[in-house]
Amino acid sequence: MDNIMRLRLDIAYDGTDFSGWAIQPDQRTVCGEITQALELVLQSPLHLTVAGRTDAGVHATGQVAHVDIPRDRLATRSLAGDPQRLVRRVARLLPPDVTISSVVETPAEFDARFSALRRHYVYRVANQPFGANPLRARDTASWHRPLDRARMQEASQRLLGLNDFSAFCRYREGSTTIRDLQRFDWEWRDETLGPVLEAYVTADAFCWSMVRSLVGALFLVGDGRKPVDWPASLLGPGSRNSQVPVADAHGLCLYQVDYPADSELAARQRQTRGMREACECD
């Protein structure tokens, strides 16, 4: 419809003090804060669709959402029909732990969730006896047993590909646990605030708690309590494995979501919907 325009929002937030992305009664959520601010500026009820519904405590530097608005809502003196002007207007209303860095008009075929090709997460963990540097304590988890990166890297590579990750996912009615895990690498980083072990995890999509469960399983391999082949041995149909720990939420960050070219958005959305009406959360 000509009088409706679809906007893409690029979003970052510190998830520490949020009860996740999704709006919940009497809870402070990322979607709740953004929706309230946008509705105040645009004077219109709105519904946001997000690429990945992050859980409580999880951060994002590359979250993506879309929203449909009446085109005339931008036809004010301060906005002058330019969606990017919303960035400054909304910034005045948002709290300091969430920002919208970009607002652009997209084709109607763009869907932040179903048009996505893949999601990229990073998990940060300090492996010193004293834990994370206090200045990074909000986005860096701690694991006090010594971790062997080489063992973790070997084990993580055995998980790559299209597999059923039931053992690493919390059950959700009507969702599939089959995912295409495309990257799972561990890298040490020497930072001015101390060394940090980072896990880079990429897949077409993630089911509930999948990233943190994968990371938790690899911690047990890294500290020697489980063999290298143990995580891969859990792949296949079944239910969540109680031996798999869920790593702390605050170490996890969604840093990028990939989309196809505009001409391929509709086809990608149809393909994804055809494969699954799945949860996108972690």
Side-chain angles (χ1 to χ4, degrees), residues 1-13 15 18 20-24 29-55 58-76 79 81-91 93-94 98-121 175 202-206 253-282:
M1 297 173 62
D2 291 342
N3 63 325
I4 298 295
M5 66 189 307
R6 177 158 293 186
L7 302 179
R8 168 178 167 158
L9 314 177
D10 290 281
I11 301 164
Y13 47 87
F18 288 106
W21 167 269
I23 293 177
Q24 304 173 53
T29 68
V30 182
C31 186
E33 293 283 359
I34 293 174
T35 301
Q36 182 179 11
L38 282 172
E39 288 183 342
L40 186 60
V41 172
L42 296 172
Q43 293 295 295
S44 178
L46 302 173
H47 173 76
L48 272 64
T49 298
V50 73
R53 288 180 291 176
T54 51
D55 210 347
V58 176
H59 316 292
T61 57
Q63 181 68 276
V64 179
H66 81 255
V67 63
D68 293 332
I69 69 166
R71 191 172 293 275
D72 62 7
R73 296 293 92 182
L74 288 181
T76 64
L79 296 176
D82 182 2
Q84 188 63 15
R85 291 197 177 191
L86 282 169
V87 171
R88 184 182 293 256
R89 289 289 306 278
V90 172
L93 301 173
L94 288 174
V98 56
T99 62
I100 299 176
S101 60
S102 176
V103 181
V104 296
E105 184 174 4
T106 69
E109 294 78 16
F110 176 81
D111 186 292
R113 178 184 178 191
F114 287 109
S115 295
L117 294 171
R118 62 191 67 85
R119 286 90 170 157
H120 304 268
Y121 282 88
S175 68
T202 299
D204 59 339
F206 293 94
C253 179
L254 172 64
Y255 71 90
Q256 184 174 316
V257 183
D258 296 341
Y259 294 94
D262 287 353
S263 60
E264 301 171 9
L265 288 170
R268 174 60 183 174
Q269 186 179 157
R270 289 193 299 270
Q271 178 189 31
T272 304
R273 289 182 183 276
M275 288 189 297
R276 55 182 173 260
E277 289 282 340
C279 68
E280 307 296 355
C281 23
D282 213 307

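In what follows, residues are counted from 1 in the order of the sequence shown. If you're wondering where the values come from, they're calculated on a predicted model, not measured in any experiment.
- Using a distance-only test at 3.5 Å, with no hydrogens or angles considered, a donor-acceptor pair links the side chain of Arg119 to the main chain of Asp204.
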Output a table of donor-acceptor pairs, distance under 3.5 Å, between side-chain atoms of residues 101-111 and any protein atom two or more places apart or on a different chain; print 'none' if there are none.
{"from": "Ser101", "atom 1": "OG", "to": "Asp10", "atom 2": "O", "distance (Å)": "3.4"}
{"from": "Glu105", "atom 1": "OE2", "to": "Arg71", "atom 2": "NH2", "distance (Å)": "3.0"}
{"from": "Asp111", "atom 1": "OD1", "to": "Arg113", "atom 2": "N", "distance (Å)": "2.9"}
{"from": "Asp111", "atom 1": "OD1", "to": "Phe114", "atom 2": "N", "distance (Å)": "2.7"}
{"from": "Asp111", "atom 1": "OD2", "to": "Arg273", "atom 2": "NH2", "distance (Å)": "3.4"}

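- A donor-acceptor contact shorter than 3.5 Å is absent between the side chain of Tyr121 and the backbone of Ala60.
- At least one donor-acceptor pair under 3.5 Å links the side chain of His59 to the backbone N or O of Gly15.
- Scanning both residues, Thr272 and Ala116, for their nearest heavy atoms gives OG1-O, 4.4 Å.
- Between atom CZ of residue Arg8 and atom CD1 of residue Ile11 there is a gap of 10.0 Å, rounded to the nearest 0.5 Å.
- Taking the side chain to side chain donor-acceptor pair (under 3.5 Å) definition, one finds that His120 meets it with Thr202, Asp258, sequence neighbours left out.
- The CD atom of Gln271 lies 8.5 Å from the CG atom of Leu117; values are rounded to the nearest 0.5 Å.
- The heavy-atom pair separating Pro260 from Arg268 by the smallest distance is CG-CB, 4.0 Å.
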Q) Going through the distances and angles, do Leu7 and Ile69 end up as a side chain to side chain contact (heavy atoms under 4.5 Å, CB included)? A) CA-CA 8 Å; Leu7 302 179; Ile69 69 166; 3.7 Å; yes
Show me the donor-acceptor pairs within less than 3.5 Å that the side chains of residues 33-50 make with the rest of the protein, sequence neighbours left out.
{"from": "Glu33", "atom 1": "OE2", "to": "Arg28", "atom 2": "NE", "distance (Å)": "3.1"}
{"from": "Thr35", "atom 1": "OG1", "to": "Cys31", "atom 2": "O", "distance (Å)": "2.7"}
{"from": "Glu39", "atom 1": "OE2", "to": "Leu46", "atom 2": "N", "distance (Å)": "2.8"}
{"from": "Gln43", "atom 1": "NE2", "to": "Leu40", "atom 2": "O", "distance (Å)": "2.7"}

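- Contact annotation: the side chain of Leu74 never approaches that of Asp82 to less than 4.5 Å [non-hydrogen atoms, C-beta and beyond].
- Nearest heavy-atom pair, Val30 versus Phe18, reported as atom, atom and distance to 0.1 Å: N-CD2, 3.5 Å.
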Q: Determine, stepwise, if the pair Leu86 / Ile100 fulfils side chain to side chain contact (heavy atoms under 4.5 Å, CB included).
A: CA-CA 9 Å; Leu86 282 169; Ile100 299 176; over 6 Å; no
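- The closest side-chain heavy-atom distance from Arg6 to Val67 is not below 4.5 Å.
- Atom CG of Asp68 is separated from atom CE of Met5 by 10.0 Å, given to the nearest 0.5 angstrom.
- Side-chain contact of Thr54 with Tyr13: a donor-acceptor pair under 3.5 Å is present, judged by distance alone.
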